[in-house]
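Every chain is numbered from 1 and lettered A, B, ... according to where its sequence line falls, protein lines coming before strand lines.
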Amino acid sequence: MFGLVDANNFYVSCERVFQPRYEKRAVVVLSNNDGNVVSRSAEVKALGIPMGAPYFEVKELLKAHNAAVFSSNYALYGSMSARVMYCLAQRVPALEIYSIDEAFLDLHGLEQHLTPYLGRLDELAQTLRADVKRRTGIPTCVGVAPTKTLAKLANRLAKKLPELDGVLYLDTTERQAWALRQVAVGDVWGIGRQYAAKLTAAGIDSASDLARVSEAWARKHLGGVVGARLVQELQGQPCTGLHPSEDGTLDRQSISCSRTFGRPLTEYSNVLAAVATFLSRAAEKLRAQEDLAHVLTVYISKNRFDPHVLPPYSRSATLTLPSGPTNDTTVLLSYASSLLRRLWETGTSYHKAGVVLDGLEAPGNGQQLTLFSPSPTPAQRENKGEKEIATTSRPALMASLDALNQRFGRGTVRLATTLSAPTNSGSAGSPSRPAWEGKAQWRSPAFTTRLEDLLLVN
DNA sequence: TCTGGGGTCCTAGGACCC
DNA sequence: TCTGGGGTCCTAGGACCC
């Protein structure tokens with residue numbers, strides 16, 4: 001059996017832990033740039049405000065109901081997530097951290113061997129919920145079922161139906177069949193908007209209907225092997241196992257960093273400063289998980305909501321690093337700036353930029369070396385005669401950078417390229433405020449990660 | 001006026017390998 | 001006249017997840 005633990009409106013719950021006066025009030029948390037509603041308290045859901053609603057569209061409604069509005073505070077949510085995962089890891093043989101607020105639990109064997117001591121799996125699930133709530137303040141629900149897809153479905157019902165008291169255990173085929181009938185096809189894990197529309201057009205409305213389509217049909221209409229697996233999993237046949245997260249942290253196969261800008265940017269130097277900042281952050285994460293990357297992608301996007309802008313809204317460029325895998329920000333940046341140059345169209349207004357690091361590998365024995373001396377980076381070629389940029393990594397420099405920023409705060413020491421060029425018109429902000437930076441008007445304190453923000457109790 | 005960010009997995013054509 | 005089969009890697013893009 002698999003368990004799925006999922007926090008209830010996680011970001012809102014994190015805010016409430018440290019500011020209990022919001023316990024009974026309507027609360028929302030907004031995305032970066034205060035753009036969209038990404039977490040809603042039950043009171044807000046009852047108002048009919050959907051997940052992902054643009055804030056400007058629901059602002060008045062929220063105000064009318066005296067809702068509290070927060071900008072997102074990832075320092076807080078990340079740290080609360082780690083606490084929740086730590087609690088869970090202490091009580092189950094293995095878990096897979098699936099997202100910031102969800103984890104799959106490996107419960108195989110427990111039902112045969114341990115239940116005489118621990119009670120049924122649904123009792124164990126209740127114990128987990130109570131433990132997490134007591135130690136972190138975060139409310140959760142738990143689904144238990146023979147496949148991950150059914151565990152997700154069970155979790156959804158556990159959240160929806162108060163009479164289940166936060167736990168649903170789909171131990172028999174009768175209970176599974178019942179659960180499948182309760183869930184709309186669009187709410188099944190792996191069925192997004194496009195597939196949902198296609199399925200309802202074909203007369204497939206519930207998870208139960210979907211569980212009865214043929215494998216061939218699923219393959220043809222639901223993205224090949226992915227669709228075939230999905231249907232089998234609904235039938236109770238596990239197609240995917242648990243990928244345990246070692247020591248409670250997540251090792252990623254790709255690392256990215258991107259932002260929508262606070263305002264549209266047309267100056268190359270401003271966008272370069274943004275890309276350099278995002279790349280620095282991504283490289284920092286890469287070093288934190290002790291990996292090297294050998295594939296780099298840069299992308300820039302136009303405003304897809306502007307009716308005057310035609311698709312494609314986004315262009316990307318990917319490069320397999322000729323000088324081999326690295327985690328050195330300066331090496332990565334010299335390639336990133338040449339990719340950005342390739343994508344750049346003068347006179348275009350850009351809305352967002354991002355970088356992705358792929359092809360991650362651990363340093364050491366397995367590493368691919370170059371046969372000859374590393375080929376020069378684009379920056380070296382362009383700047384021939386100027387100061388050299390190394391193609392070989394300088395681990396000691398990066399380690400010092402990370403140590404300083406860890407101790408004195410993110411961005412204390414950074415590459416000069418991350419600084420936006422001074423603008424003639426731009427007396428608006430202080431020089432330390434980059435052109436691309438967005439809004440975050442209502443951010444709560446970093447209660448768990450900044451000494452100055454520590455809650456004081458009299 | 002105002003519309004997020006960080007991921008996973010899959011597809012598909014072309015270059016290239018033996 | 002006639003021109004293979006089984007792979008990997010690279011790059012770009014799409015669907016989906018939370």
Side-chain angles (χ1 to χ4, degrees), chain A residues 4 6-7 9-11 28-39 50-60 71-72 74 77-78 81 96-104 148-149 152 155-156 186-198 219 221-230 239-240 243 250-264 278 281-282 285 289 294-299 301-307 309 311-322 339 342-343 351-360 368 438-441:
Chain A
L4 179 73
D6 191 325
N9 17 307
F10 182 57
Y11 298 170
V28 294
V29 175
L30 303 180
S31 63
N32 251 4
N33 219 6
D34 296 337
N36 301 65
V37 174
V38 292
S39 186
M51 180 66 175
Y55 176 58
F56 71 88
E57 284 179 10
V58 296
K59 198 171 168 173
E60 293 309 318
S71 303
S72 41
Y74 287 99
Y77 312 149
S81 172
E96 172 184 345
I97 299 172
Y98 177 68
S99 73
I100 195 164
D101 75 329
E102 269 180 79
F104 284 105
K148 283 178 156 182
T149 308
K152 288 283 289 186
N155 185 285
R156 168 172 287 274
D187 291 336
V188 171
W189 189 39
I191 301 298
R193 260 210 334 268
Q194 322 239 8
Y195 286 163
K198 202 187 242 185
R219 247 176 218 280
H221 296 103
L222 300 174
V225 64
V226 183
R229 279 186 203 142
L230 197 164
C239 297
T240 148
H243 308 290
L250 216 50
D251 263 12
R252 300 291 192 183
Q253 297 177 47
S254 74
I255 290 172
S256 63
C257 183
S258 66
R259 289 285 179 284
T260 297
F261 305 143
R263 58 176 172 88
F278 306 158
R281 180 70 195 120
K285 292 189 211 169
Q289 78 170 50
H294 82 271
V295 177
L296 169 66
T297 300
V298 173
Y299 63 92
S301 311
K302 299 181 263 188
N303 186 358
R304 67 184 197 281
F305 298 105
D306 183 339
V309 174
Y313 300 114
S314 189
R315 288 187 58 208
S316 73
T318 301
L319 177 72
T320 300
L321 304 184
L339 290 176
R342 218 160 93 191
L343 297 171
H351 192 244
K352 174 181 177 172
V355 304
V356 186
L357 301 174
D358 269 302
L360 307 193
Q368 180 71 53
K439 282 185 295 190
Q441 293 185 65

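Remark: A:R156 engages A:V183, A:D187 in a side-chain contact (heavy atoms from CB on, under 4.5 Å) (not counting sequence neighbours). Scored by the side-chain contact (heavy atoms from CB on, under 4.5 Å) test, A:Y195 finds A:I191, A:L222 as partners (sequence neighbours excluded). With sequence neighbours excluded, no residue satisfies salt bridge (Lys or Arg N to Asp or Glu O under 4.0 Å) with A:R229. With sequence neighbours excluded, the residues satisfying salt bridge (Lys or Arg N to Asp or Glu O under 4.0 Å) with A:K148 are A:E96. The side-chain contact (heavy atoms from CB on, under 4.5 Å) search around A:D6 returns A:D101, A:E102, A:N155, A:K159, not counting sequence neighbours. By the salt bridge (Lys or Arg N to Asp or Glu O under 4.0 Å) test, A:R252 pairs with no residue at all, sequence neighbours left out. By the side-chain contact (heavy atoms from CB on, under 4.5 Å) test, A:Q441 is found to be paired with A:D34, A:K439, residues two or more places apart in sequence or in another chain being considered.
At its two ends the helix from B:dG5-C:dC18 to B:dC18-C:dG5 runs along axes set 10° apart, each axis drawn from five pairs and the angle rounded to 10°.
For A:F56 and A:T260, each mapped to the nucleotide of DNA chain B holding its nearest heavy atom, the one lying further toward the 5' end belongs to A:F56. Nearest-nucleotide mapping onto DNA chain B: of A:K352 and A:D358, the residue sitting toward the 5' end is A:K352.
Nearest heavy atom pair, residue A:G186 against residue A:A196, reads CA-CB, 3.9 Å. Nearest approach of A:V37 to A:V28, heavy atoms of both residues: CG1-CG1, 4.0 Å.
A straight line from CD1 of A:I97 to C1' of B:dG6 spans 15 Å, rounded to a whole angstrom. To the nearest angstrom, C1' of B:dG4 lies 15 Å from CD of A:E57. Atom OH of A:Y11 is separated from atom P of B:dG6 by 10 Å (rounded to the nearest Å). Between the P atom of B:dG4 and the CG atom of A:N32 lies a distance of 10 Å, rounded to the nearest Å. To the nearest angstrom, C1' of B:dT3 lies 7 Å from NE2 of A:H351. The distance from atom NZ of A:K439 to atom P of B:dG5 is 13 Å, rounded to the nearest whole Å. We find that CZ of A:F261 is positioned 16 Å from P of B:dC2, with the value rounded to whole Å. Distance NE2 (A:H243) to P (B:dT8): 11 Å, rounded to an integer number of Å.
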Problem set entry | nucleotides 9-18 of chain C: protein proximity per nucleotide (B base, S sugar-phosphate only, - neither; heavy atom, under 4.0 Å) | -SSSS-SSSS
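To the nearest 0.5 angstrom, A:D306 atom CG is 9.0 Å from A:Y313 atom OH.
A distance of about 23 Å separates the P atoms of C:dT3 and B:dC17, rounded to the whole Å.
Look at A:S254 and you won't find any side-chain N or O under 4.0 angstrom from OP1 or OP2 of B:dG7. Residue A:S31 has no polar side-chain atom (N or O) positioned under 4.0 Å from OP1 or OP2 of B:dG5.
Proximity note for A:P54 (side chain, C-beta onward) versus B:dT3, B:dG6, B:dG4: the nearest is B:dT3.
Within 4.0 Å of A:L30, counting heavy atoms only, lies no atom of the nucleic acid at all.
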